[in-house]
Structure formats: structure tokens, C-alpha cells
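This report refers to the structure that appears directly beneath it.
Chain letters run A, B, ... following the sequence lines, proteins first, then strands; residues in each count from 1.
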There are 4 protein chains.
Amino acid sequence: MRERQILDAAVQVFSRYGYHPASMDEVSEVAGVSKPMIYAYLGSKEDLFTHCIRRESARLLDAVAAGIRPELAPDMQLWHGLRSFYRFVHEYRDSWTVLHRQALAVGGTFADEINQLRQQAIELVAVLVKSAGSRAELADQVQKSGEGLAVALVGAAESLADWWIDHPSVTEGMLASWLMNLVWLGFNDLVEGKLWTPSDPAA
Amino acid sequence: MRERQILDAAVQVFSRYGYHPASMDEVSEVAGVSKPMIYAYLGSKEDLFTHCIRRESARLLDAVAAGIRPELAPDMQLWHGLRSFYRFVHEYRDSWTVLHRQALAVGGTFADEINQLRQQAIELVAVLVKSAGSRAELADQVQKSGEGLAVALVGAAESLADWWIDHPSVTEGMLASWLMNLVWLGFNDLVEGKLWTPSDPAA
Amino acid sequence: MRERQILDAAVQVFSRYGYHPASMDEVSEVAGVSKPMIYAYLGSKEDLFTHCIRRESARLLDAVAAGIRPELAPDMQLWHGLRSFYRFVHEYRDSWTVLHRQALAVGGTFADEINQLRQQAIELVAVLVKSAGSRAELADQVQKSGEGLAVALVGAAESLADWWIDHPSVTEGMLASWLMNLVWLGFNDLVEGKLWTPSDPAA
Amino acid sequence: MRERQILDAAVQVFSRYGYHPASMDEVSEVAGVSKPMIYAYLGSKEDLFTHCIRRESARLLDAVAAGIRPELAPDMQLWHGLRSFYRFVHEYRDSWTVLHRQALAVGGTFADEINQLRQQAIELVAVLVKSAGSRAELADQVQKSGEGLAVALVGAAESLADWWIDHPSVTEGMLASWLMNLVWLGFNDLVEGKLWTPSDPAA
DNA sequence: AATGAATGAGGTTTCATTCAT
DNA sequence: TATGAATGAAACCTCATTCAT
């Protein structure tokens with residue numbers, strides 16, 4: 001459909017230049033569609049950007065959700081989720097850039113939408129952490145900081161995604177491994193020679 | 001001096017609107033200085049932004065460096081560094097926003113400067129990790145992923161800084177604690193009831 | 001076409017104020033076209049001025065070339081060329097002003113273009129002088145100063161064109177006559193009562 | 001005196017950039033005097049330019065007048081006047097540029113002043129022509145075109161002056177010679193081998 | 001349904017000119 | 001007296017947005 005064609009172009013252009021410097025002229029050129037069409041289908045520049053964010057957010061959520069196996073152990077769920085996330089970032093780099101970099105920089109409504117998306121990711125992670133801890137009684141302080149831990153983990157994952165752009169030789173499995181080792185085992189264990197490995201290496 | 005007055009205003013305005021939407025008119029209004037003065041003291045808009053980034057980068061580095069005690073154990077150094085970092089973010093929120101959000105979004109030279117700053121932080125952390133691991137022989141895979149771990153830790157710290165803005169009731173000590181627990185102990189230990197605490201609680 | 005409409009206005013405005021003081025606002029007002037149209041059709045102010053110069057140069061060359069009859073005697077060719085020139089100056093005064101006064105004053109690329117135009121005129125005249133002199137052997141010194149004589153003649157013609165603006169009662173035929181008498185006969189002959197007159201008065 | 005220092009700088013700057021693009025900042029810099037001083041001594045930019053024109057006009061007139069020997073024959077007077085003129089142009093190129101190119105381009109009052117100067121030159125030449133012709137009865141048509149001839153001669157002289165800038169190997173004597181041959185003898189005589197030479201070669 | 005053509009509004013930058021010292 | 005410091009005004013240029021076809 002025309003709408004998709006336009007959105008694809010918009011994501012590409014917004015990703016490259018950012019919201020404000022991006023020009024509707026360039027979007028129309030890349031989309032191969034005249035400007036009045038853009039306004040007819042998607043509304044103003046602001047509307048267009050909102051549509052971009054919404055579509056890419058949904059894509060990202062779908063991609064991650066599709067990778068998770070709820071029947072597995074918490075650490076394996078996290079592991080699969082991370083790999084799905086990095087596969088998405090790899091395949092739709094422009095989407096990721098728009099969501100993570102450009103939308104937040106604009107602030108206002110856009111940043112709010114992105115923060116909601118992040119919140120969903122954080123809560124998803126928080127559930128995993130909680131279920132992992134349900135075997136034992138988590139220390140009080142940990143209980144309280146549950147969300148904080150999730151925020152940190154999500155942030156770490158995002159930063160590695162950015163860093164990946166400049167270090168493309170790394171695979172998405174390595175990225176996910178590092179994170180698992182870092183947050184599941186911690187430095188403390190690492191220096192003692194422990195390593196986290198997927199219980200199901202084939203996955 | 002006039003220069004500082006202008007830079008303060010510029011950081012504030014760039015932080016709020018981002019580089020492109022920010023107008024020199026608004027900078028001049030906030031600074032209480034006419035536009036030609038800005039051009040006389042700091043040059044073009046691009047120059048002005050560069051000056052902002054440079055000054056705030058230096059401030060951030062100084063703040064973190066000032067908080068580190070090289071004679072302490074690695075984990076304590078990290079702990080102090082993180083607290084200094086969060087104190088800086090708290091005290092100079094606009095500086096942090098300009099550096100972390102706006103400069104990266106603009107891309108080009110600006111993003112390069114920020115990435116250099118990040119790289120410095122990452123290397124600093126990498127040194128700590130290495131010194132912590134020197135007691136034992138780090139697993140090969142850890143050796144290779146050293147920088148990745150540091151990237152992840154730095155990213156986690158940054159994300160928590162952003163998240164803090166929307167959750168101001170948390171203290172900088174709590175943020176640092178969470179991170180220490182997360183990366184030093186890891187979930188694995190946490191669920192077993194272990195907790196990381198500063199060896200020198202007074203610090 | 002729109003382009004012509006804009007160029008006409010630009011020539012008028014540049015002619016009146018000169019390149020630098022002329023404002024794109026005024027050009028757009030005179031052209032009855034909004035400023036963005038000017039930039040869309042003709043580019044920057046510099047581009048616009050270049051287009052003006054090019055068009056008017058071509059017009060001037062065409063006008064003079066159209067008036068010359070190559071089959072006539074050299075003096076008659078000069079006579080006709082001069083009259084064509086003055087007719088052009090009369091009909092397109094703004095064009096002449098832009099070419100002769102404003103473009104030269106700006107210097108740089110503009111002046112270069114004008115000087116090339118002048119050079120063409122000079123060479124044209126030089127050819128006439130040479131063909132007139134071919135019947136006899138021109139004195140050596142004359143040979144060497146051929147271009148200088150042409151420069152002087154062209155300059156004299158230009159100056160009379162300027163002077164004409166303030167003395168509009170004179171006809172273009174009179175101007176051409178004076179020049180012919182001056183350069184073809186010279187004062188020396190004039191004071192002896194000689195006069196140059198077109199051999200074909202009807203022309 | 002301060003005034004002279006400023007005027008020298010102004011002539012230099014106006015000559016190089018033209019009236020409008022020239023900046024008071026540059027004048028003050030070249031003059032080694034602060035801007036408020038310029039305003040105190042010479043008034044506004046317009047006033048400053050007027051002063052420049054007036055001073056250089058006077059200089060030019062003086063230079064030419066000083067070279068003329070009223071007791072000589074008319075052609076010799078013209079010859080001496082032309083050489084003085086070219087010597088002035090050579091020695092004070094900036095003055096000449098300001099007067100001939102820049103002032104006329106600005107138009108308005110400035111052009112008027114320059115035109116008055118030209119008129120003086122023209123009348124001076126017209127007197128010579130008239131005195132040369134007084135021996136015989138000039139043809140009626142010549143009488144009427146007297147001023148026109150003078151205008152043409154002056155224009156030719158000016159154009160050669162401009163042309164000289166790009167052909168510096170020519171001497172001022174050659175320039176004056178060409179003009180004398182052109183206007184005093186005319187092409188007609190030149191092709192017959194006649195040449196005008198100063199009756200007093202030492203001069 | 002689709003677009004070429006057009007513009008109002010606003011942004012960066014410069015410069016003649018003047019206070020306060 | 002002489003100047004460093006300051007600004008109001010205006011110029012060039014661009015872009016989101018809309019008619020008329």
C-alpha cells in the first residue's frame with residue numbers, strides 16, 4: 001500500500017537526519033510519492049513521525065515477543081529475548097535508530113511514547129528477574145530495586161546495540177552472552193572462572 | 001565572564017530543544033545577551049554547540065575523576081566513580097542531557113566527540129575489571145569480551161541516569177548500589193541472598 | 001515564463017541599486033513572485049546575478065551583431081555597429097547599466113565575465129581597423145598599438161553611452177557620428193573642415 | 001593628522017571591496033584607529049565615502065592641472081595632460097578605482113559628484129579642442145558636437161586607464177601616444193602613414 | 001486520485017552605529 | 001580623548017504546508 005511505502009521512506013530519512021533536519025521533500029523523493037500524498041495519507045510531519053514510531057515500536061515488540069519461549073527457565077528466556085532483540089536491531093537498523101536515538105532527542109510526545117515502550121521492556125525483564133528469584137527469598141533490598149535492575153539491564157542491552165553499529169564483526173550471540181555473563185553471574189563470579197552458558201546450546 | 005554566561009544559557013536551551021530546533025534567539029534571550037555577542041564570543045551555532053559539548057565533557061570527566069580513589073580496591077573505585085557520576089548528573093542535569101541525548105542525535109562531529117568521551121569511560125571501567133581479575137586467571141572468553149562488558153556497564157549506568165530523571169525520589173547511592181549488585185555480584189548471587197555492600201560504609 | 005519574469009525584475013533592481021544593496025525581497029516584489037520561487041528557479045543571489053549578466057551579455061552581442069553588414073566597407077561596418085550598440089543601450093538601459101556599471105564594480109567572477117564581453121567587442125573593432133589599414137602598410141607603431149586603439153574606441157563608445165543617459169535629447173545617430181568623426185578622421189582633419197559622413201546615408 | 005590616516009585606509013578598503021561590502025571594522029583595522037574615532041572625525045559611512053571622493057577628486061584635478069603648460073600648443077597641452085593623468089592613475093591606483101569604479105556604481109549623490117568631476121575634465125578638453133579649431137572655422141556640425149567629442153576622448157582615456165591595470169607593461173607615454181594618434185590624427189591619417197609625435201620630445 | 005507550483009514564517013548571520021568607561 | 005563592548009535592524013535562505021489543475 002501507499003502508506004507503507006511512505007512510512008518506509010520516512011523511517012529511512014528520519015533515521016539518517018533526525019526529526020527536525022529531515023525534510024518532507026526528501027521523504028517524498030525517497031518514497032517516490034508527491035508531497036501532497038504524504039499529507040493526505042499520514043498528515044503533518046509530526047503525525048508522520050508519530051506513525052513511524054508507532055509502527056517500529058510494534059515491530060520491535062513483536063520481534064522480541066516472537067523469540068521468547070515462556071516454558072523455559074528465566075535465564076533462557078532472557079537469553080532468547082536478547083538474541084531476538086539484537087536480530088531485530090541488525091535487520092532493521094533504521095527502525096532502531098529512529099526509536100532509540102531520534103525520537104528521544106525530540107522530546108515531548110515522542111519521547112513519552114518511547115519511554116512507554118522501554119517501560120514495557122523493563123517490566124518484561126522484571127518479571128523474569130522475579131520468577132528467577134522466587135525460588136529463594138530475595139533480599140529486601142533486592143525486592144525494592146527490582147525495577148532498577150531491570151532498567152540497568154535494558155540500558156546495557158541498548159548501549160551494546162549502539163556499540164554494535166561501530167563493531168559489526170561481533171555476532172548477536174556474543175552480545176547476548178556478554179550480557180548474560182555480566183548480569184546473571186556478575187564480575188564476582190567471572191573472576192572466579194565461572195561462566196554462564198545456555199543450557200540448551202542449540203537454541 | 002560573558003562567555004560562561006552564554007555557555008550556561010546555551011547548554012540549557014540545547015538541552016531542552018535539541019541542537020536543530022534550538023534558536024539563537026532563545027539562547028540570547030536566556031543568556032540576557034544580544035545575538036551578536038554570542039557570535040562575537042562563541043562563533044556560529046555549530047561552534048557554540050561544540051563549545052558546550054567540550055565544556056560539559058570536561059566537567060563530567062573532572063567530576064568522575066575527582067571522586068575516584070586509586071588506592072582503593074577495584075569494586076570500591078567503581079562504587080565511588082558511579083556515585084560521582086550520578087552526583088554530576090543530578091547537579092548538572094542539562095549538561096548530561098546535552099551530552100547523552102542531544103549531541104548523539106545530531107551525529108557527525110558532535111557524535112564523534114561524545115563517542116570519544118564514552119570510550120574514555122569504557123576504558124576506565126575496563127581497567128578496573130582487569131585489575132579485579134588479576135588475582136585469578138580470567139576465563140578466555142571473558143578476556144575477549146572485556147570491552148563488551150565495560151560497554152554494557154557504562155550503558156547500564158547511563159540508562160539509569162536517564163531513568164532517574166523520571167524517578168527523582170531515588171538517591172544516587174541507591175543507583176550505584178543497584179549497579180554494583182547487578183554487575184559485581186550478578187543475579188545469580190543475588191537470588192542466593194548475597195549482597196554487595198561498600199567495604200567502607202562511611203565513604 | 002516565470003524565469004524571464006524574474007530575470008527582468010532582477011535586472012531592473014540590480015541596475016538601480018547594484019549587486020550588494022539590492023535585496024532579494026525587492027526583486028521578488030518587483031517580479032510579483034515570492035522569494036522561494038526565485039531560489040527555486042534561479043538559485044542564490046549570486047546565481048541570479050550571473051544569470052542576469054549572461055542573458056544581457058547575449059542580448060547585447062546579438063543586437064550589435066544583427067546590425068553589422070559584413071559586405072560593407074570597414075568604416076560603414078563600424079558606423080552600423082555603433083548605431084546598433086546605441087539602440088540597444090537606449091532600449092535596454094537597465095541591461096546596459098547592469099553590465100557596464102554594476103557587474104564591474106562587484107569584481108571577482110562577474111567582472112571577469114564582463115571583461116570577456118569587452119574583449120570580444122575590442123577584437124571585433126580591431127578586425128575592422130586592420131582591414132581598413134590593409135590597403136596601406138600601417139606604420140609599425142600603429143601595428144603594435146592596434147589593440148590599444150580598439151580599447152580606446154570601445155571605451156569612448158561606452159563613455160558616450162553613459163553620458164547619453166544625462167543628455168537624452170541626442171540621437172543615437174549623432175553619437176555614432178561623433179565617434180566616427182573623432183576616430184576615423186581625427187581632430188586634425190576636423191579643424192581643416194573635413195567631415196566623415198556615411199557613404200550610404202539611407203542606412 | 002588622524003583624519004588623513006583614516007581617509008587613506010578608507011580609500012584602500014573602499015577601493016578593494018566597493019562601498020557596500022566594505023566594513024567599517026576593516027577600515028578601522030587598516031587605519032589602526034578605533035571605530036568610534038572614525039565616527040568622531042569623519043561621521044557616518046556615507047560621510048566617510050564622500051570625504052574620500054572629495055579628497056581624491058581634488059588630488060586628481062591637481063595632478064592633471066600641475067602637468068599642463070598653458071603656453072604650449074593645444075595638442076601638446078593635451079599630451080601633457082594625458083600623461084599627468086596616467087601618472088596619477090599609476091601612483092594612486094586605489095584613488096582611481098574608488099573614483100571611477102566604486103563611486104559610480106553606488107549611484108545617488110556619489111555618482112553626481114563624480115559626474116561633476118568628469119564634467120570639469122570634459123570642459124578642459126573642450127577648451128583645447130576649441131582653441132585648436134580657432135584657426136579655422138569649424139564646421140557647424142563640429143561646433144555642435146564639441147562636447148560630445150570631449151566626452152568621447154575622456155571616456156577613451158578612462159577606459160585605457162582601466163585596461164592598463166591588466167596590462168602593466170605598457171608605459172604611460174604609450175597610452176598617451178595612442179590616444180593622441182587616435183583622436184588627433186584619426187584612423188584615416190594613420191592608414192596613410194601619418195603619425196602624431198610630440199613637438200618637444202623631451203617633455 | 002495525484003501533483004506541480006507557490007508561499008508565509010522563521011532561522012542564522014552580519015554590520016553600521018553607539019554607550020560606558 | 002579614545003575604546004571595548006554591545007545591539008537593532010535587516011539580509012539571505014529554507015521548509016512545512018497548501019492550492020489549482
Whether the side chain of Lys35(A) and the base of dT3(E) hold a donor-acceptor pair under 3.5 Å is what I'd like checked.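 By the distance-only test, no, there is no pair.
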
When you check the phosphate oxygens OP1 and OP2 of [N], does a side-chain N or O of [X] lie under 4.0 Å from one of them?
{"X": "Tyr39(D)", "N": "dA2(F)", "result": "no"}
{"X": "Tyr41(C)", "N": "dA5(E)", "result": "no"}
{"X": "Arg2(C)", "N": "dA6(E)", "result": "yes"}

Pick the closest DNA chain F nucleotide for Gly32(B) and for Pro21(C) by heavy atoms, then say which residue is nearer the 5' end.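 Upstream on the strand: Gly32(B).
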
Reading DNA chain F from 5' onward, which residue's closest nucleotide shows up sooner: Ala22(C) or Val33(B)?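 Of the two residues, Val33(B) wins.
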
State whether the number of non-hydrogen atoms from other residues, nucleotides or ligands found under 6.0 Å of Gln119(C) atom CD is greater than 12.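 More than 12 within 6.0 Å, yes.
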
If each of Lys45(B) and Met37(C) is mapped to the nucleotide of DNA chain E with the nearest heavy atom, which maps nearer the 5' terminus, i.e. the 5' end?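 Here Met37(C) is the residue nearer the 5' end.
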
Selected nucleotide, minimal atom distance to Pro36(B) side chain, candidates dG8(E), dT14(E), dT13(E): dT14(E)

Picking from dC13(F), dA16(E), dT7(F), which would you name as closest to the side chain of Ser23(D)?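 Within the option list, the nearest is dA16(E).
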
Base-pairing mate for [N] - Watson-Crick or G-U, with both contacts under 3.5 Å:
{"N": "dC15(E)", "answer": "dG8(F)"}
{"N": "dA2(F)", "answer": "dT21(E)"}
{"N": "dT14(F)", "answer": "dA9(E)"}

Can you say whether the rings of Phe88(B) and Tyr92(B) are parallel (under 30°), tilted (30 to 60°) or perpendicular (over 60°)? tilted

Before you tell me yes or no, could you show the steps for Gln102(B) and Tyr17(B) under side-chain contact (heavy atoms from CB on, under 4.5 Å), namely the whole-Å CA-CA distance, both residues' side-chain angles and the distance that decides it to 0.1 Å? CA-CA 9 Å; Gln102(B) 307 301 359; Tyr17(B) 300 104; over 6 Å; no

Between [X] ([atom1]) and [N] ([atom2]), how many Å, whole number?
{"X": "Glu46(A)", "N": "dA16(F)", "atom1": "CD", "atom2": "C1'", "value": "12 Å"}
{"X": "Glu29(B)", "N": "dG8(F)", "atom1": "CD", "atom2": "P", "value": "12 Å"}
{"X": "His20(B)", "N": "dA16(F)", "atom1": "NE2", "atom2": "P", "value": "12 Å"}
{"X": "Ile38(A)", "N": "dT17(F)", "atom1": "CD1", "atom2": "P", "value": "11 Å"}
{"X": "Asp25(C)", "N": "dG10(E)", "atom1": "CG", "atom2": "P", "value": "15 Å"}
{"X": "Met1(D)", "N": "dA2(F)", "atom1": "CE", "atom2": "P", "value": "12 Å"}
{"X": "Gln5(C)", "N": "dA5(E)", "atom1": "CD", "atom2": "P", "value": "14 Å"}
{"X": "Met24(B)", "N": "dG11(E)", "atom1": "CE", "atom2": "C1'", "value": "10 Å"}

Does Arg55(B) pair with Asp8(B) as a salt bridge, N-O distance under 4.0 Å? yes

Compute both the distance and the angle, then confirm whether Lys45(C) meets the cation-pi test with Tyr19(C): under 6.0 Å from the six-membered ring centre, within 45 degrees of the axis. yes

